[in-house]
Amino acid sequence: MALPERLFYTLEQAAKVINCTVEDLLYFGYAKVCQFCFILPIHDIDLTVISTTRILSNLTFEEYARYRYITPYTYLEENTRDHIEAGEIYIDGLLAIPPRDSEILYKNFINKKSNDIEISTALIPRVTRDVINNTKDYDVMRIDFSKDLSLNLTQLFITNYEMELLKNGGRNIELDAYFGGLNKYNNKANYLNTNNIIKIDNTPTNLQIEFIRNLLFIKYGEDAINNPRKFIENKKSELVKEFQLNDLKYPSGKILESWLKK
């Protein structure tokens, strides 16, 4: 009888599966093309969920609302009392360490300083947008801890999604955080355990469009918002070059223009 596929692996297990070393994996983390995950300790940890709902001024938490963010790796639920005071937060499954902490982890490892890392912030492990089931306009950007959380190499994991990305050359975490979540990874999401995950429309919500608009303004200026087709249809533009460099898909100029006009 065939065993079900694992959703995540220890570093040693992952190294054996993809035929590399643990040091290779740590280097890939340093290079920002591999994301490491961990499971929250059993003991109580004071934390705060930073979401787009909190950050954007035109949206606030509804009183006594329940917000959910669910992926094949993570279940996060936040019950709020009102838009000022946060209520209960429940997290099950994996969280991811930020790229900056992966850099520190690798430097400590190769300099034989330590196999431990202390983090104050965590992320939701990256997945393709089509396997996320979340409350409308509720996108989790990070989870902040009230005090540093100490982890060692034996407590770190790599998801099967990350391993598939590595097998295909890897994908930059920071760029993926900005743009990749809106697209499928080469239309290959079937290696994820998508049972009981509700499919959602890939068309960006108003909140996501506002996020895209803000990123374009910050990086490329107001002209990128007013004339997006000039940036996305010019194969020599910096925007297109960055997508191609990291093997990321991007919308057509016509589609991007239609999004920004909403």
Side-chain angles (χ1 to χ4, degrees), residues 6-50 69 71-76 89 91-128 140-181 185 192 242 245-248:
R6 293 185 65 117
L7 283 178
F8 56 90
Y9 300 79
T10 66
L11 299 190
E12 289 189 356
Q13 290 171 332
K16 289 180 180 178
V17 170
I18 61 177
N19 193 27
C20 68
T21 66
V22 170
E23 190 273 338
D24 288 329
L25 295 176
L26 294 176
Y27 167 76
F28 294 143
Y30 171 81
K32 298 186 178 70
V33 293
C34 182
Q35 188 179 61
F36 302 123
C37 299
F38 65 95
I39 298 174
L40 275 177
I42 297 176
H43 58 79
D44 290 338
I45 298 175
D46 290 331
L47 52 83
T48 303
V49 176
I50 306 300
Y69 197 93
T71 78
Y73 307 117
T74 309
Y75 180 96
L76 187 151
I89 299 172
I91 299 177
D92 190 22
L94 299 177
L95 294 178
I97 70 175
R100 175 58 180 159
D101 290 318
S102 293
E103 290 184 36
I104 296 172
L105 181 64
Y106 181 67
K107 290 177 181 178
N108 288 345
F109 181 81
I110 61 174
N111 291 320
K112 303 186 186 313
K113 287 185 177 181
S114 172
N115 288 339
D116 298 336
I117 185 73
E118 290 192 346
I119 64 172
S120 58
T121 295
L123 309 173
I124 298 293
R126 61 176 173 172
V127 294
T128 54
V140 177
M141 306 191 73
R142 69 177 192 271
I143 295 95
D144 291 342
F145 304 120
S146 60
K147 59 181 181 180
D148 287 351
L149 181 64
S150 181
L151 301 168
N152 59 54
L153 292 183
T154 62
Q155 295 173 291
L156 297 181
F157 304 97
I158 296 179
T159 65
N160 56 356
Y161 178 60
E162 286 296 324
M163 291 176 64
E164 289 295 328
L165 290 177
L166 284 176
K167 290 176 185 177
N168 286 276
R171 194 163 73 183
N172 186 281
I173 294 171
E174 293 181 337
L175 284 180
D176 203 24
Y178 291 146
F179 302 108
Y185 170 66
L192 292 175
E242 290 195 58
L245 180 64
N246 292 277
D247 194 28
L248 297 176

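Below, each value reflects all heavy atoms present in this structure, side chains not excepted, and no hydrogens, waters or symmetry copies. Heads up: numbering here begins at 1 and tracks the sequence.
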Inset, instruction - Using a cut-off of 6.0 Å, state whether more than 12 heavy atoms not belonging to Asn19 lie near its atom CG. - result: no
Legend entry - Non-hydrogen atoms of Leu123 and Ile143 that approach each other most closely: C-CD1, 4.5 Å
Legend entry - Value rounded to 0.5 Å, distance of CG in Leu165 from CG in Asn160: 10.0 Å
Legend entry - Phe109 side chain reached by Leu153 side chain, heavy atoms, under 4.5 Å: yes
Legend entry - Side chain to side chain, Ile91 and Leu47, heavy atoms closer than 4.5 Å: yes
Inset, instruction - State the CZ-OG1 distance between Arg142 and Thr48, to the nearest 0.5 angstrom. - result: 9.5 Å
Legend entry - Side-chain heavy-atom pair Thr74, Val127 within 4.5 angstrom cut-off: no
Inset, instruction - Could you check if a side-chain atom of Ile158 sits within less than 4.5 angstrom of a side-chain atom of Leu11, using non-hydrogen atoms only? - result: yes
Inset, instruction - Starting from the C-alpha separation in whole Å, work towards a yes-or-no answer on side-chain contact (heavy atoms from CB on, under 4.5 Å) for Phe157 and Thr10. - result: CA-CA 5 Å; Phe157 304 97; Thr10 66; 3.9 Å; yes
Inset, instruction - Using atom types as modelled and distance alone, determine if a side-chain donor or acceptor of Gln35 lies under 3.5 Å from a backbone N or O of Ala96. - result: no
Inset, instruction - State the CG-SG distance between Leu151 and Cys37, to the nearest 0.5 angstrom. - result: 11.0 Å
Legend entry - Considering all heavy atoms, the nearest Thr159-Tyr73 contact: CB-CZ, 3.5 Å
Inset, instruction - Find out whether Leu94 and Leu7 are in side-chain contact, i.e. whether some heavy atom of one side chain is under 4.5 Å from a heavy atom of the other. - result: no
Inset, instruction - For residues Ile18 and Leu25, determine if any side-chain heavy atom of one lies less than 4.5 Å from a side-chain heavy atom of the other. - result: yes
Inset, instruction - Taking the side chain as every heavy atom from C-beta outward, state whether Ile124 and Leu95 have any pair of such atoms under 4.5 Å apart. - result: yes
Inset, instruction - State, to 0.1 Å, how close Asp116 and Leu105 come at their nearest heavy-atom pair, and which atoms those are. - result: O-CD1, 4.1 Å
Inset, instruction - State, yes or no, whether a side-chain contact exists between Leu149 and Phe38 at a heavy-atom distance under 4.5 Å. - result: yes
Legend entry - Nearest-0.5 Å distance, CG of residue Asn108 to CD of residue Glu118: 10.5 Å
Legend entry - Pairwise distance CZ(Phe145) to CG(Asp46) - rounded to 0.5 angstrom: 11.0 Å
Inset, instruction - Check salt bridge (charged side-chain N to carboxylate O under 4.0 Å, His left out) between Glu103 and all other residues, then give those that pass, not counting sequence neighbours. - result: Lys32, Arg100
Legend entry - Polar side-chain atom of Glu164 near backbone of Tyr161 as donor-acceptor pair, under 3.5 Å: no
Inset, instruction - Taking all non-hydrogen atoms of both residues into account, name the closest pair between Ala14 and Tyr9 and its distance. - result: N-CB, 3.9 Å
Inset, instruction - May I ask you to decide if the ring planes of Tyr27 and Tyr106 are parallel, tilted or perpendicular, using 30° and 60° as cut-offs? - result: perpendicular
Legend entry - Contact summary for Glu162 and Cys34, nearest pair of heavy atoms: OE1-CA, 3.6 Å
Inset, instruction - Give a yes or no on this: more than 12 heavy atoms of other residues, nucleotides or ligands lie within 6.0 Å of atom CD of Glu12. - result: no
Inset, instruction - Calculate, to the nearest 0.5 Å, the distance between atoms SG and NZ belonging to Cys20 and Lys167 respectively. - result: 11.0 Å
